[in-house]
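This report refers to the structure that appears directly beneath it.
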Amino acid sequence: MHKDVHRILISNRTIKQAVHKLALKINKDYKHKKPILIGILKGCLPFYNELFLQLTCDPIMDFMIVSSYIGTNSHNIKIVADLRQNIVGRHVIIVEDIVDTGKTLKRVIEILKLRKPTSIKVACLLDKPNGRINNFEPNYTCFKIDPVFAIGYGLDYNEHYRNLPYIGELKKSIYVKMSK
């Protein structure tokens with residue numbers, strides 16, 4: 001276990017089992033539909049890769065990078081890198097590492113709806129419903145977690161810890177010390 005991890009929340013083995021179970025459900029739901037999987041970078045990468053390799057519904061791979069605008073209106077997002085695929089008339093699954101407040105994801109969905117896909121659903125590794133500020137709910141979820149600072153398996157703190165093969169709780173002393 002990494003020295004900055006307070007405790008392991010979800011082991012690598014448990015993650016892989018949950019992603020496999022999720023892939024089976026998506027394969028069933030999207031049989032013969034060939035969805036476009038849109039990964040929201042960077043945090044989604046380990047989850048996206050694990051999920052993508054287990055899908056038999058012939059998915060197409062694409063990614064977006066989004067960030068919040070600097071300023072007072074946090075509902076606005078900036079698309080740093082946009083999709084390469086045309087999603088008109090396509091089934092879209094957004095792949096996200098964690099759904100917390102839901103603000104950014106809700107706005108991404110609003111933007112994508114303007115491009116007229118047939119459907120948009122969200123698959124997330126972690127759902128933190130206690131952090132939600134709107135009534136957004138992901139369609140596919142591997143794990144619901146309590147309001148802790150989760151790191152690992154793509155989740156970061158200041159761009160560190162993404163490479164941990166498990167999901168852990170960051171020691172409070174690390175992010176309290178860094179925020180001062």
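- Of the candidates Leu37, Ile40, Leu45, Phe63 forms a side-chain contact (heavy atoms from CB on, under 4.5 Å) with just one, namely Leu45.
- Checked against Ile98 for a side-chain contact (heavy atoms from CB on, under 4.5 Å), the options Asp127, Leu126, Ile167 give a single hit: Leu126.
- Put simply, the residue from Leu112, Ile36, Val92 that forms a side-chain contact (heavy atoms from CB on, under 4.5 Å) with Leu83 is Leu112.
- The minimum heavy-atom distance between Leu105 and Phe136, with the atom names listed, is CD2-CE2, 3.7 Å.
- Listed here is the closest heavy atom pair of Ile133 and Lys103: CD1-CD, 2.6 Å.
- Side-chain contact between Pro35 and Cys57: present, with at least one pair of heavy atoms (C-beta onward) separated by less than 4.5 Å.
- Salt-bridge annotation for Glu110 and Arg107: present, with a side-chain N of the basic residue lying under 4.0 Å from a carboxylate O of the acidic one.
- Both Val108 and Ile38 belong to a single network of hydrophobic side chains, linked directly or stepwise wherever heavy atoms of I, L, V, M, F, W or Y lie under 4.5 Å apart.
- Two residues are said to be in side-chain contact when any heavy atoms from C-beta on lie closer than 4.5 Å; Asp82 and Met64 meet this criterion.
- Contact between Asp62 and Gln85 at its shortest, heavy atoms only, is OD2-N, 2.7 Å.
- The environment of NZ in Lys171 is crowded: more than 12 heavy-atom neighbours from other residues, nucleotides or ligands sit within 6.0 Å.
- Proximity of the aromatic rings of Tyr153 and Tyr166 is defined here by a centroid distance below 6.0 angstrom, and this criterion is not met.
- Side-chain contact between Ile60 and Arg90: present, with at least one pair of heavy atoms (C-beta onward) separated by less than 4.5 Å.
- The local environment of CG in Asn134 is crowded, with over 12 non-hydrogen atoms from other residues, nucleotides or ligands closer than 6.0 Å.
- Aromatic ring pairs are classed by plane angle as parallel below 30°, tilted from 30° to 60° and perpendicular above 60°; the pair His91 and Tyr30 is perpendicular.
- In terms of hydrophobic clustering, with Ile, Leu, Val, Met, Phe, Trp and Tyr side chains grouped at heavy-atom distances under 4.5 Å, Ile94 and Leu41 are assigned to different clusters.
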